[in-house]
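What follows is a short report on a single structure.
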Amino acid sequence: RSKGDPGQVKIARIGRERYAFDLAYARFDDEGELRQRTWYVARDGRFEPVMTAPVHYASDGRAWCRYAETTTCEGETTDLSYDLRIDARDADADAYPVTVTVRGMRCDQAIAETTHALVFDPATSTHAVPQALRIPADDCRSDAPSSSEQD
């Protein structure tokens with residue numbers, strides 16, 4: 001559900017002799033959007049993904065209230081940016097170091113900026129994305145019923 005927004009493809013140099021197709025795309029739903037990127041490399045006559053990481057995640061926890069039959073509604077907003085950096089200072093490196101810095105707000109609270117390294121696995125030629133960079137799955141919802149569910 002991209003709402004007609006086309007994805008973007010760029011070439012990324014990820015090592016001395018390593019290049020990847022950097023595909024950026026977005027998904028939208030009633031509560032927010034997820035923009036992410038996947039790197040693909042040509043291997044054995046096909047394109048294979050070697051890394052998928054978020055670029056931006058925004059969720060309005062109150063958006064679902066449009067469908068509620070009451071005016072009371074609880075929900076929290078999340079707005080996270082994931083800045084990916086390729087460190088090509090050592091031009092002769094087989095695989096360049098890659099980091100992702102996360103900043104923004106989670107469940108209406110500012111989060112501390114954190115930087116995570118994507119570890120390159122030479123055996124598989126992939127970049128491991130740590131669990132800390134996964135999109136929040138609970139979207140700030142508690143297990144307790146909201147006031148709109150109680151009305």
Quiz item: Do the side chain of Arg16 and the main chain of Asp90 share a donor and acceptor less than 3.5 angstrom apart?
Solution: no
Quiz item: Sub-3.5 Å donor-acceptor pair from the side chain of Thr78 to the main-chain atoms of Cys107, do we have one?
Solution: yes
Quiz item: Taking only residues two or more places apart in sequence or in another chain, which ones pass ring-ring contact (aromatic ring centres under 6.0 Å, His included) with Tyr19?
Solution: none
Practice problem: Look at atom CZ of Arg43 and say whether more than 12 heavy atoms of other residues, nucleotides or ligands are closer to it than 6.0 Å. | Solution: yes
Quiz prompt | CZ-OH distance between Arg46 and Tyr40, expressed to the nearest 0.5 angstrom | solution = 13.5 Å
Quiz prompt | Reported CD-to-CZ distance for the pair Gln8 and Arg35, which is rounded to 0.5 angstrom | solution = 8.5 Å
Between [Y] and [X], is there a side-chain heavy-atom distance shorter than 4.5 Å?
X	Y	answer
His116	Val129	no
Tyr25	Gln36	yes
Leu118	Trp39	no

Could you tell me which non-hydrogen atom of [X] sits nearest to which non-hydrogen atom of [Y], and how far apart they are?
X	Y	answer
Tyr96	Ala91	OH-O, 3.3 Å
Phe21	Phe47	CE1-CE2, 3.2 Å
Ile86	Ala12	CD1-CB, 4.3 Å
Phe120	Pro122	O-CD, 3.4 Å

Quiz item: Who passes side-chain hydrogen bond (donor to acceptor under 3.5 Å, both in side chains) against Thr99, sequence neighbours left out?
Solution: none
Self-check item: Set of residues satisfying side-chain hydrogen bond (donor to acceptor under 3.5 Å, both in side chains) with respect to Ser81, sequence neighbours excluded
Solution: none
Exercise. Take Arg18 and Val41 through the test side chain to side chain contact (heavy atoms under 4.5 Å, CB included) and record every step on the way to the result.
Key: CA-CA 9 Å; Arg18 295 181 187 274; Val41 297; over 6 Å; no
Side-chain donor-acceptor distances from residues 49-56 under 3.5 Å, at least two apart:
unit_1, atom_1, unit_2, atom_2, d
Thr52, OG1, Thr38, OG1, 3.0
His56, ND1, Glu33, OE2, 3.2
His56, NE2, Asp79, OD1, 2.6

Quiz item: When you look at Ile14 and Val98, which way does the side chain to side chain contact (heavy atoms under 4.5 Å, CB included) test go after all the steps?
Solution: CA-CA 8 Å; Ile14 59 175; Val98 178; 5.7 Å; no
Quiz item: Considering residues at least two apart in sequence or located in another chain, which fulfil the salt bridge (Lys or Arg N to Asp or Glu O under 4.0 Å) criterion with Glu113?
Solution: Arg103
Self-check item: Results of salt bridge (Lys or Arg N to Asp or Glu O under 4.0 Å) for Asp121 - residues two or more places apart only
Solution: none
Practice problem: State plainly whether one hydrophobic cluster holds both Val119 and Tyr82, where clusters connect Ile, Leu, Val, Met, Phe, Trp and Tyr through side-chain heavy atoms under 4.5 angstrom apart. | Solution: no
